[in-house]
Protein chains: 4
Amino acid sequence: MRSNDGRTFTETARRTQITQAAIDVIAEIGYAKASIRKIAERVGVAMSVVLYHFASKDELVQAIINHAYREAIDAIVPELELERTAAGKLRTYILANAFFLRTHRTQYAAVMDIGMSYRTADGDLVNSLSIDPELMAGFTKLDVATILRQGQESGEFCDFDVERTATAIRGAVINGPIMEVMLNPEFDLDGYAEELVALFDRATRRG
Amino acid sequence: MRSNDGRTFTETARRTQITQAAIDVIAEIGYAKASIRKIAERVGVAMSVVLYHFASKDELVQAIINHAYREAIDAIVPELELERTAAGKLRTYILANAFFLRTHRTQYAAVMDIGMSYRTADGDLVNSLSIDPELMAGFTKLDVATILRQGQESGEFCDFDVERTATAIRGAVINGPIMEVMLNPEFDLDGYAEELVALFDRATRRG
Amino acid sequence: MRSNDGRTFTETARRTQITQAAIDVIAEIGYAKASIRKIAERVGVAMSVVLYHFASKDELVQAIINHAYREAIDAIVPELELERTAAGKLRTYILANAFFLRTHRTQYAAVMDIGMSYRTADGDLVNSLSIDPELMAGFTKLDVATILRQGQESGEFCDFDVERTATAIRGAVINGPIMEVMLNPEFDLDGYAEELVALFDRATRRG
Amino acid sequence: MRSNDGRTFTETARRTQITQAAIDVIAEIGYAKASIRKIAERVGVAMSVVLYHFASKDELVQAIINHAYREAIDAIVPELELERTAAGKLRTYILANAFFLRTHRTQYAAVMDIGMSYRTADGDLVNSLSIDPELMAGFTKLDVATILRQGQESGEFCDFDVERTATAIRGAVINGPIMEVMLNPEFDLDGYAEELVALFDRATRRG
DNA sequence: AATGAATGAGGCTTCATTCAT
DNA sequence: AATGAATGAAGCCTCATTCAT
C-alpha cells in the first residue's frame, strides 16, 4: 500500500517519527553530539533502521530542515495572508514568529544548530543542502523584505533600505531570541514580541 | 622569567599562537571538524604540543572565548567611553560592533559556532564555561542595556522595556549580521551599520 | 509447469536473469563491492527477490561458477571434438579459449575475481564450492593435459612432463591474458592467440 | 632519532611489521576478508595503531605492493645481471621467479589477490595505485620483454612477437603457478620451473 | 618544552540475512 | 512469487587523551 512520493505508509510514518526524534535529540544535546545511534535509541529501534529510511545522515538533516521549514510556513503564512496592510503584516510577522518559536522551540534550536554546525564533506555550509523546491514558493511569502517593500510602496512606511532593514528585523525577531531562549528557557517570548511590535512600528511608520 | 598567571613568556606566546590558529581553523571548517590535530598542524607543531599547553580541549575552547571577548572589549569599550550622551553611545555601540565584526570575522564566526555547538561532556551549553572573572567587569560595559537605561534616565530615549529592547538590538547588531556574513561574505557591514543607526534612532528617541 | 530440478520455468528464468546480472555487476565493480542489493537493482527487483531465489549469497556464487563453466564447456568442447590430431586439438584449444575470453570477458573477469576473493565463512577457497557433478564430465574434456597425453601417445609431441606443461599452457592461454585484458581492455586477444599457437607448436612438436 | 623518509626508527619498524602481518593475513584469508582489525590483531596491537601508521587502508595496500615489488626486484634483478646471454637470462628469469615464488608464497598470493580485488572508491583497478617511482627503474629490469628483445637482436632467438611472447611467458611463469600453488600448496615449483626452462628454450631458440 | 606512539570510544556506512505480509 | 522492514555484525576512519622519552 503506497502513499505519495512512492512511499509506503509505514515508511512515511517512520520517517516522520525519526525526523521528530532527531529534532528533539539535536535540541537537547546539540547537533555535534546527536549521533545516528542516539537518534535511533530515542525512537527505540536499531541504528541501522535510521539508515534504512535515510540513505545517509545528510539526507536526514535535509529532512529535518524541510520538515521545520514546512511547519513554519504552514503556521505563519496563513496568518500573514489575513492581513491587508503592511503594518498589519509586519505586526503579524513578529507575533506569529514569536508564537511559533515558543511552540516549536526544539525545532528552532535544531535548525539553528544545524545552520551553524553543519558542513558537507567539502566543508561547505548548509545552504548547499537542497531545500525541497516546492517549499520555496511558500518560503518567499515568509520573507519580511516583501512586507517592507509593500509598506513603502503603499506609503505606510517611511524611507529606509529594505534589504538591510529586513536583516535587522530577522536578527531581532529570530536570531536574537533563539540565542536568548537557548541560554534562558524562561525568557518571556510573548512579552518580547509585543515590545518588538512597538519598536518596529516606531522605526518604520511614516511621519 | 615569568609573566602573570605563573606563565613564562614563551608559554604565553605559544598559548596565544595556538588560540589564534584554533580560531582560524574553526572559522574555516567549523567547530565540529576542528580537531586538535588540525589546529596543531596549522601552528606547525605536533598535536601533543597543543595538549601540553591546554590540559584539554575544553580549556582551549575557554581560552578562545576569553580571547575573543577580551579583544571585543578592548576594541569597543574605549570607543563607548568617548561618548557622553546615550544616543551617542548607542550609535557608537552599533558602529563599533560592525567594525569589529568586519575586522574579526573569523573570531566572531568561531565564537558563534562554539556557542551553538559546544557542549561539555554532560551536554551543558557553553555558558557553563567559566569566563575569566576579570573580563566580567569590562563585559558589563559592553552591555547595551546599560546604555538604554542611561538614555531613559536622562530623558533622551522614549519609554520602552530596557531588557527586551536590548535583546532586540543585540539581535539586529550581532546575531543577524553574523548569520548573514557567514552565508554571504560580501555582505556590506558598514552600510548595514549606518542603516541600523538610523533605525534604532527612530525607535528609541523621545518624541 | 516444471522444468528440471523441480523448478518452474519462471523460477529458472529468474535465476538465469539474476545470475547474468550478478556476473555483469561483478565484472564491473568487482566481487568485493558487488552486494546483493546492487545485483537486485541491476535486475530491477527488490533485494529480497534475489534471496528468494538463492538461499544465500554462497548459493548465488555457486550458480555463477556453474553458469560460467557450462558456457565455456558448451563453447569449447564441441570445437575440440571436431579435431582428430593432438596438434589440431591444441591449436583449437588455444584459439577457442581466446575467442571465448573475448566474447565472455565479463564472465571470465567475474569468475577470476571470485576465484581470488571468494572464501566461505571458514576462510576456505572457492574450489570448496561444490561444482555441479554433471559438469565434471564435460570439464574433463576441457583439460589440456588430456590433449598433451594423446599427442605423446600418438608420437605427435616430443617428450615433456604432461602435467607441468599443461599448467604452463593454462597460464599462458588463460591466466596471463585475463590479467592483461583486465588491465588493458584493448589487448588484441586474437593476435595473441595466433602467437601462442605458433609458440606452443614449436614447444611441443616432435623433432 | 630519525632514519630516512623523515621516519623514526620505531615508525619504520612498525610499518614493516604491519606490512608483513597484512601480507600474511591476506594470503591466509584473502584480501576481501583481511580487515584492518584482523591485521592489527595479528600484530598484537589496537586497530587504531595500524591507522596511526598508515593514514588509510589504501596507504597500507600501497605499502604492501611496494614492499613486494621491492623484494622481488632485489631478489631477481641481481641474478639476471650475472647472465650475459639472452638465453641465460631467460633461464634465470624463470628459475629465479620460481624460487622467489616458493620462498615468498604469501607475498605473491597477497599481491595477486589485491591485483584482482582491489578497487579504489571509484571502482578503478589497482594499477591506479601509485608505485614508488624509484621502484620503476628496477622494475623495468624485471621485464621479460627486454630479455626477448635482446635475444632477437643478438640472433639467439628465433622470430616471434616480443610483447605477445612476453605475456605468454609471464602467464606460464607467474600467473599460472600462482593459481596452482594457491589451490595446491604441494605443487612442486622447482620441477615446474625446470620444465618451463626446457619448454621456452624449445620455443624461442633459433633453428 | 616538545613530541611520537598508542589507544578506546565512538561516528557513519554497507551488508547479508530474517521475517511478516 | 515478491517485497518492505528491520537488524546485528562488521568495516573504515576520526578523535581526545595518556604516557614515556
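To find a chain, count down the sequence lines: A is the first, B the second, and so on, and within it residues start at 1.
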Let me know the distance between CD1 of A/Ile29 and P of E/dG10, rounded to the nearest Å. 12 Å
When rounded to whole Å, the NZ to C1' distance for the pair C/Lys33 and E/dC15 reads 14 Å
Please report the distance, rounded to the nearest Å, between CD in C/Glu59 and P in E/dT18. 12 Å
What nucleotide, of F/dC13, E/dT17, E/dT14, holds the atom closest to the side chain of A/Leu51? E/dT14
Rounded to the nearest angstrom, tell me the gap between atom CD1 in C/Ile18 and atom P in F/dA1. 12 Å
Verify the contact: side-chain N or O of D/Arg14 to OP1 or OP2 of E/dG4, cut-off strictly under 4.0 Å; return yes or no. no
Nearest-angstrom distance from the residue atom CD of A/Glu41 to P of E/dG10: 11 Å
Can you tell me the Watson-Crick or wobble partner of E/dC12, both distances under 3.5 angstrom? F/dG11
Is there a side-chain polar atom (N or O) of A/Thr8 under 4.0 Å from OP1 or OP2 of F/dA5? yes
Looking at A/Arg37, I'd like to know if its CZ atom is crowded, meaning that more than 12 non-hydrogen atoms belonging to other residues, nucleotides or ligands lie closer than 6.0 Å. no
Could you tell me whether the side chain of B/Val111 reaches within less than 4.5 Å of the side chain of B/Ile26, counting heavy atoms only? no
Want to settle it: does C/Met47 or A/Lys57 sit nearer the 5' end of DNA chain E, counting the closest nucleotide to each? A/Lys57
For residues 38-49 of chain C, dump all side-chain donor-acceptor pairs below 3.5 Å to protein atoms at least two apart in sequence or in another chain.
residue, atom, partner, partner atom, Å
C/Lys38, NZ, C/Lys33, O, 3.0
C/Arg42, NH2, C/Glu28, OE2, 3.1

Identify the nucleotide, in any strand shown, that forms a Watson-Crick or G-U wobble pair with E/dT21, with both distances under 3.5 Å; if there is none, say none. F/dA2
Whole-Å distance between E/dA16 C1' and C/Ile39 CD1? 11 Å
Relative to the 5' end of DNA chain F, which residue comes earlier, C/Thr10 or A/Val49, by the nucleotide with the nearest heavy atom? C/Thr10
Which part of the nucleic acid, if any, lies within reach of D/Ile36 when heavy atoms closer than 4.0 Å are counted: base, sugar-phosphate only, or nothing? sugar-phosphate
In whole angstroms, how far is the P atom of F/dA5 from the CD atom of A/Gln17? 13 Å
Should D/Tyr52 be listed as having a side-chain N or O under 4.0 Å from OP1 or OP2 of E/dA6? no
So A/Phe54 and A/Thr19, do their side chains get closer than 4.5 Å, heavy atoms only? yes
Under 4.0 Å between a side-chain N/O of A/Arg37 and OP1 or OP2 of E/dG11, yes or no? yes
Below 4.0 Å: OP1/OP2 of E/dT14 and any side-chain N or O of C/Ser35: no
Can you tell me if the side-chain N/O atoms of C/Lys38 get under 4.0 Å from OP1 or OP2 in E/dC15? yes
Is any side-chain heavy atom of B/His67 closer than 4.5 Å to a side-chain heavy atom of B/Gln20? yes
Would you mind reading off the distance between C/Phe54 atom CZ and F/dA1 atom P, rounded to a whole angstrom? 13 Å
So, does the side chain of C/Ser48 form a donor-acceptor pair with the base of F/dG4 at under 3.5 Å? yes
Can you confirm whether the side chains of D/Asp58 and D/Tyr118 place a donor and an acceptor under 3.5 Å from each other? yes
Please state whether the phosphate of E/dA6, meaning OP1 or OP2, lies under 4.0 angstrom from any side-chain nitrogen or oxygen of D/His53. yes
